Amino acid sequence: MLTNAPGANLPAGYKKKTIQIFRQKKERGEPIAMLTGYDYPTALALDRAGIDAILVGDSLGMVVLGYENTVPVTMEEMLHHCRAVARGARSAILVGDMPFMSYQASVEQAVRNAGRFLQEGGMHVVKLEGGRERLDAIRAIISAGIPVMGHLGLTPQSIHALGGYHPQGRTTAAARRILEDALLLEEAGCFSIVLESVPARLAELISKRIAIPTIGIGAGAGCDGQVLVVHDMLGLFDRFTPKFVKKYADLHGEMQHAFGEYIEDVAARRYPAQEHMVEMPDEEWQALLMEIASDKDK
Ligand code: KIV
């Protein structure tokens, strides 16, 4: 059973966060901190560090599953990782990222799949990519009682339509379209919008024009909050690192170093040492030796 229902099994001192804090933080001018998370130990660490929200992003397709992009990610893969995160987090708001083709084919399919994120994945809200073309799906999901986070700018599920991972909204027309989409998503009822890889001054303008919080990734400091892919900021994914990422650790390097030391220890018989071994009482050992010896005499 999932134990992540709001308020369930919270240790003393832990306060369950709800999406209301998004709006409250924006009103108070306090930045919202979100990071992606895809597994139980990372969710525990994020939660204990006090993160506001954990996004189980479809970026897991690239940084955890090794796909070329996020297009192949399935609902089943997303739900598998959502459940692991839900088992680890007690306090953070959990955002399930709807994968490619889980909400585009029909409004009914979008609502059903959004529901699966809550019922089977233990998420609290869903995120989906797109602007004006997704309004019907967004409205239907929200009227089913599921809060929706929008996602504008660089929308990686449209990589083939966009022609690559390029910044978006750099011309007057493109910037205007993103601004209009942000207003439409707000009107449709989204509680927040991710702005990915757009000019910082456009993100700041949008953040001032709409009442719901914007969460930026590669969108500058004028957003109401920030999100990063956890494997990027920990230096765990070394295929490429986007320019906007600040690396807080080099875990890939540390892992490789630790694995190398282990291999050397095994080769040199330094591991396992005495303290890593299981012992048995001397008298049991002596009895065993005697039994074996007498077996031989028979
Ligand atoms: O999938 C993801 O991790 C995302 C973030 C980049 C916002 O959508």
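Small disclaimer: the values here were computed from a predicted structure and weren't measured. Order of listing sets the numbers, starting from 1, for every ligand and every atom in it. Residues: numbered from 1 along the sequence shown.
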When you check the gap from the basic side-chain N to the acidic O, do Lys26 and Asp224 get nearer than 4.0 Å?
yes

For Ile217, the atoms of ligand 1 under 4.0 Å from one of its heavy atoms are 6 (C)

Side chain to side chain contact (heavy atoms under 4.5 Å, CB included), that's the test. Do Met78 and Leu60 meet it? Break it down for me.
CA-CA 8 Å; Met78 288 305 301; Leu60 69 84; 3.7 Å; yes

Is ligand 1 less than 4.0 angstrom away from at least one heavy atom of Lys127?
yes

The protein heavy atom nearest to atom 7 (C) of ligand 1 is Leu55 CD2, 3.7 Å

Near Asp97 (heavy-atom distance under 4.0 Å), the atoms of ligand 1 are 1 (O), 2 (C), 8 (O)

Are Glu76 and Arg116 within salt-bridge range, i.e. N to O under 4.0 Å?
yes

Close N or O approach (Thr36, ligand 1; < 3.5 Å):
no

Heavy atom under 4.0 Å from ligand 1: found in Asp58's side chain, backbone, both, or neither?
both

Could you find the nearest protein heavy atom to atom 3 (O) of ligand 1 and give me its residue, atom name and distance?
Ser59 OG, 2.5 Å

Partner residues of Phe244 under the ring pair (Phe, Tyr, Trp, His ring centres under 6.0 Å) criterion, sequence neighbours left out:
none

Is any N or O atom of Glu196, backbone or side chain, closer than 3.5 Å to an N or O atom of ligand 1?
no

Considering the heavy atoms of Gly57, write down every atom of ligand 1 situated less than 4.0 Å from one of them.
1 (O), 2 (C), 3 (O)

Is Lys17 salt-bridged to Asp52, cutoff N-O under 4.0 Å?
yes

Please confirm whether Tyr38 comes within less than 3.5 Å of ligand 1 when only nitrogen or oxygen atoms on both sides are compared.
no

Is there a donor-acceptor contact under 3.5 Å linking the side chains of His252 and Gln256?
yes

Need the ligand 1 atom indices (1-based, order shown) with element for anything under 4.0 Å from a heavy-atom of His151.
8 (O)

Do the rings of Tyr271 and His276 sit parallel, tilted or perpendicular, given the 30° and 60° boundaries?
tilted

Residues passing the side-chain hydrogen bond (donor to acceptor under 3.5 Å, both in side chains) test with Asp250, sequence neighbours excluded, are none

